[in-house]
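The structure under discussion appears below in the form of structure tokens.
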Amino acid sequence: MALTDDQLQRYSRHIILKEIGVKGQKRLLNSSVLIIGAGGLGAPVGLYLAAAGIGKIGIADADDVDLSNLQRQVIHSTADIGKAKVSSAKESMLAINPEIEVDTYHDFVSASNILDMIRKYDFIIDGTDNFPAKFLINDACVLAEKPFSHAGIIRFKGQLMTYAPGKSPCYRCVFKTPPPPDAVPTCKQAGVIGAMGGVIGSLQAMEAVKYLTGIGDLLTGYLLTYDALKMEFRKIKLPFDKDCAVCGEHPAILSPIDYEQAVCAI
Amino acid sequence: MSDRIIAEINEIKEKIDITHLVCPMTFVKAKATIEELELGEILEIRLNDGEPVQNVPRSLKEDGQKVLKLKDNLDGTYTLYVRKDSE
Ligand SMILES: [Zn+2]
């Protein structure tokens, strides 16, 4: 179906790009992305993907908006305090772009629900703030053969990598197992500079758009790290681990696992 | 203008008028219409003198399309014939 004149205008800056054009924009309109976590990372991802016209966006988060979120979670406003983050995020995304569809999951991701959740989407965004969730998302995406963008932010640092099924090492190839609960501070205990979510989350949104339109080179097989205080980006090549417990030659993990979560992170 | 081009222009697939639009929607509308055509098909575009006539043909060329002819309508508008040469 041809785009309407309003759509041509809304997406004109995409359509002008030779790499995207009307074809690429139509692909975005027919795509779906699941954002797990409506926090510091999920906020810019949701805003940019809604603006980009991703046809269906799912957003999963069990929390309600708290005053302490607003320093960085730019998809929520002061008037949203006390609302479910997924509802607040949905309202913001639809306010930007009423022609998209937003599904909300007011729940923690767990071994029992994650496969059902990711199945319906073309690309997954890990915008969570804890290791158990990150390993869970990785394992589920490897098992279900879903591409995803991993990211983490803490203090003045951020990192991200992209996983493409069968084409790149996974998060577990690099990080093996979650650290013991409370061995590593979560961003709740350690703090995080507000714009870090904007920097790293925007890069995740960029990876999603590139994957969905099939343009450029993805951040697969690399970890990109950002140190804001040193103003330094580093792109580190990641090897496959043939003994990886989930994507290796003899995988031990055949279904998603729930790891114990640090008490204060729950 | 060669006979071949005249023959081609006689087989116009689609016509659009972008005289009511301003930059960049002039180019966006032209580009979007061309993307819906098959390779080799011809689009006739009516556009204004000034910025549109300077930029739209050039941008379509940069996109890999073939500008066949630009005709001055002597009323402040032009008619542009473009063949789709690139997906
Ligand atoms: Zn692996």
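What you see is a predicted model, and the numbers here were worked out from it, not measured in a lab. Chain A is the first sequence line, chain B the second, and so forth, proteins listed ahead of strands; every chain is numbered from 1.
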Enclosure of A/M206 CE (heavy-atom neighbours >12, cutoff 6.0 Å):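 Open: at most 12 neighbouring heavy atoms sit under 6.0 Å from CE of A/M206.
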For A/I96, give me all partners under side-chain contact (heavy atoms from CB on, under 4.5 Å), at least two apart in sequence or on another chain.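 side-chain contact (heavy atoms from CB on, under 4.5 Å) list for A/I96, sorted by chain: A/L47, A/A51.
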What's the shortest heavy-atom distance between A/L8 and B/A32, and which atoms?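 Minimum heavy-atom contact is CD2-CB, 3.4 Å.
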B/V28 to A/I16 - nearest heavy-atom pair and separation: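 Looking at all heavy atoms of both residues, the closest pair is CG2-CG1, 3.5 Å.
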Let me see the donor-acceptor pairs closer than 3.5 Å between chain B and chain A, or none if nothing turns up.
unit_1	atom_1	unit_2	atom_2	d
B/K29	NZ	A/D5	OD1	3.0
B/K31	NZ	A/I15	O	3.2
B/E35	OE1	A/V22	N	3.1
B/E35	OE1	A/K23	N	2.9
B/E35	OE2	A/V22	N	2.9
B/E36	OE2	A/K26	NZ	2.8
B/D63	O	A/K18	NZ	3.2
B/E87	OE1	A/K23	NZ	3.3

